[in-house]
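Every value quoted in this text rests on a predicted model; they were computed, and no experiment measured them. Atoms within each ligand, like the ligands themselves, are counted from 1 in listed order.
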Amino acid sequence: MSTHSSVVIDEAVQTLRDGGLVAFPTETVYGLGADAKNPEAIQKIFTAKGRPSSHPVIVHLAAPEKFDQAVIDWTSLVSPWVRDLSEDALKLINAFWPGPLTLVFKKDKSVLNELTGGQDTVAIRAPAHPLAQELLRKFKGGVVAPSANRFGKISPTSAADVRSEFEGMLGLMILDGGDCEVGIESTILDLSSGDHAVLLRPGIITPSEIFTKTGIKVYQSGDIDQNKDAAALPRVSGSLRAHYAPTTPLRMYSAGRVLDALSEFPDIKSRVAVAVWDSDSSLSHEGHPSVHFEEVLIPSDCGTFASRLYRSLRDLDQQGWDLILFPEPPPGEEWDGVRDRLQRACFGSGPSSINHDNN
Ligand code: TXA
Ligand code: MG
């Protein structure tokens, strides 16, 4: 893993203070950071990403320096950003921060509308990556950071990925922290209703893990009556049907049914990449007279799969396949995060932008 001298971190801190953008690693994906108190800096993020300004961004905070969990004072860190910090919120924070869990609160009035997309809530997380922590600690403030990709595209899990997403932005400062360990974006829980914790985006931290560690029951957004105003707002941009998408068509196949997935593409004669669980035997028995399959092994362990998913999609997208096929992830909550990302990637995939314009 790459490391940075403190001189480079200092330069990144200065860039943030000057209202510039800094891409930095987190344990989930790379983020494109700006000072959460600077409206012009936040605007630069939306412009760079091509992201609609109504889509809110997450505020990233440094974990306090002491790592003796018993004495970490999260309250004074989070309080300035939120209207109130419930007992449940503190339980969640103590159990999972720093780490890949984002919490949505009613916002303090000082929180800029530019970062909340005009909503009265704010999303906050404390990333676990040491480089992110060092940056945040030295900056001594909140840093807003969406994933460092163009809107609707695959999130970056390495510094080189960020570079290729923002090729035109020559001056963009990118801190290189190696490959992201988690590989998909943080789990998002909405605590803003004050009643229920509602899952807005599945991730590597699952509702049952949350229940086990805190006793807090997590509701799916479908379980809760949403009032109409709230439902009309794009609360989670990743909730658009098309997202995380490669330009090569991508589809999922159910076990043993690769040929069915092909029926949608009668003209494809060759160059089909088929991802296959590394625990499975090969596809060779599924012969097809005119289509050439190329197998790509993918990890059948859920955590490893998540950590390599975006890497695989990016690499396959570069290789000039006519079609990419992925197996449907197995049922089970621990697969919800990757299933969610794969479904959106399939929906948004392909060279045309028609799918994106539809949502
Ligand atoms: O793992 C992550 O969360 C990464 C790393 C960089 O920290 N960040 C990330 O940011 O995924 P982004 O902007 O790509 O996705 C954040 C999601 C968006 O879908 C946004 O709509 C949602 O969080 N979000 C932000 N503020 C919100 C709020 N107040 N209410 C509901 N959703 C919110
Ligand atoms: Mg994103």
Side-chain angles (χ1 to χ4, degrees), residues 21-34 36 42 45-46 48-61 81-83 96-108 111-129 131-133 135-136 142-157 161-162 165 175 177 180-193 198-205 221 226 230-231 233-240 242-245 306-307 310 337 340-341 344-345 348:
L21 304 184
V22 174
F24 63 95
T26 81
E27 72 280 27
T28 58
V29 299
Y30 275 69
L32 184 62
I42 297 169
I45 288 185
F46 285 89
K49 277 183 66 90
R51 176 168 169 151
S53 59
S54 58
H55 289 263
V57 285
I58 298 170
V59 176
H60 294 64
L61 299 177
W81 299 86
V82 307
R83 207 174 302 164
F96 294 104
W97 283 11
L101 178 69
T102 296
L103 299 174
V104 175
F105 302 90
K106 282 261 190 285
K107 77 176 191 75
D108 182 80
V111 176
L112 294 174
N113 282 325
E114 284 81 356
L115 78 85
T116 67
Q119 303 180 68
D120 68 344
T121 56
V122 61
I124 303 183
R125 95 177 189 93
H129 196 291
L131 208 50
Q133 295 217 16
L135 177 71
L136 291 164
V143 170
V144 291
S147 51
N149 52 281
R150 306 270 178 178
F151 186 61
K153 295 299 177 192
I154 303 169
S155 302
T157 53
D161 293 347
V162 179
E165 283 290 313
L175 296 179
C180 300
E181 252 174 64
V182 174
I184 59 171
E185 301 81 353
S186 59
T187 304
I188 305 182
L189 271 193
D190 186 357
L191 304 177
S192 67
S193 79
V198 181
L199 186 68
L200 295 185
R201 181 172 70 184
I204 217 73
I205 295 178
S221 48
Q226 284 181 335
L233 288 163
R235 293 169 67 82
V236 184
S237 67
S239 69
L240 298 176
H243 217 82
Y244 318 113
S307 75
Y310 292 154
D340 168 77
R341 303 311 191 280
R344 294 179 210 286

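- Distances from ligand 1 to the non-hydrogen atoms of Thr116 include no value under 4.0 Å.
- Under 4.0 angstrom from ligand 1, the non-hydrogen atoms of Ile188 all belong to its side chain.
- For the residue pair Thr28 and Ser186, no side-chain donor N or O sits within less than 3.5 Å of a side-chain acceptor on the partner.
- Proximity of Lys107 to ligand 1 is not established, as no heavy-atom distance is less than 4.0 Å.
- The closest non-hydrogen atom to atom 28 (C) of ligand 1, taken over Val111, Thr121, Leu101, comes from Thr121.
- Contact annotation: the side chain of Asn149 approaches that of Lys49 to within less than 4.5 Å [non-hydrogen atoms, C-beta and beyond].
- For the Mg ion (ligand 2), the set of nearby N, O or S atoms under 2.8 Å includes one belonging to Ser147.
- Checking only distances, His55 never comes within under 3.5 Å of ligand 1, N or O to N or O.
- Considering backbone and side-chain atoms together, Thr28 places an N or O closer than 3.5 Å to an N or O of ligand 1.
- Between the Arg344 side chain and the Ala245 main chain, no donor and acceptor come within less than 3.5 Å of each other.
- Side-chain polar atoms of Ser155 and Glu185 form a donor-acceptor pair below 3.5 angstrom.
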- [ ] Evaluate side-chain contact (heavy atoms from CB on, under 4.5 Å) for Val144 paired with Ile45, printing each intermediate quantity in order.
- [x] CA-CA 9 Å; Val144 291; Ile45 288 185; 3.8 Å; yes
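- Heavy-atom proximity to Ser186, at under 4.0 Å, picks out these atoms of ligand 1: 1 (O), 2 (C), 3 (O).
- Remark: ligand 1 and Arg201 share an N or O pair separated by less than 3.5 Å (distance only, no angle test).
- With a 4.0 Å heavy-atom cut-off, ligand 1 is reached by the side chain of Arg51 but not by its N, CA, C or O.
- Counting atoms of ligand 1 from 1 in the listed order, those under 4.0 Å from a heavy atom of Ala123 are 25 (C), 26 (N), 27 (C), 29 (N).
- Side-chain atoms of Glu165 come within 3.5 Å of backbone atoms of Arg150 as a donor-acceptor pair (strictly under, hydrogens ignored).
- Proximity to His60 (heavy-atom distance under 4.0 Å) selects the following atoms of ligand 1: 5 (C), 6 (C), 7 (O).
- In this structure, the side chains of Ile184 and Tyr244 stay at 4.5 Å or more apart for every pair of heavy atoms.
- In this structure, OH on Tyr30 lies 7.5 Å from CG on Leu131, to the nearest 0.5 angstrom.
- A donor-acceptor pair is defined here as one N or O able to donate and one able to accept, closer than 3.5 Å; such a pair exists between the side chain of Thr187 and the backbone of Gly203.
- Heavy-atom separations between Ala145 and ligand 1 include at least one value shorter than 4.0 Å.
- Here atom 25 (C) of ligand 1 lies nearest to Pro56 when heavy atoms of Pro56, Gly31, Pro156 are compared.
- No side-chain heavy atom of Phe105 sits under 4.5 Å from any side-chain heavy atom of Ser192.
- Residue Glu185 has no N or O atom closer than 3.5 Å to an N or O atom of ligand 1.
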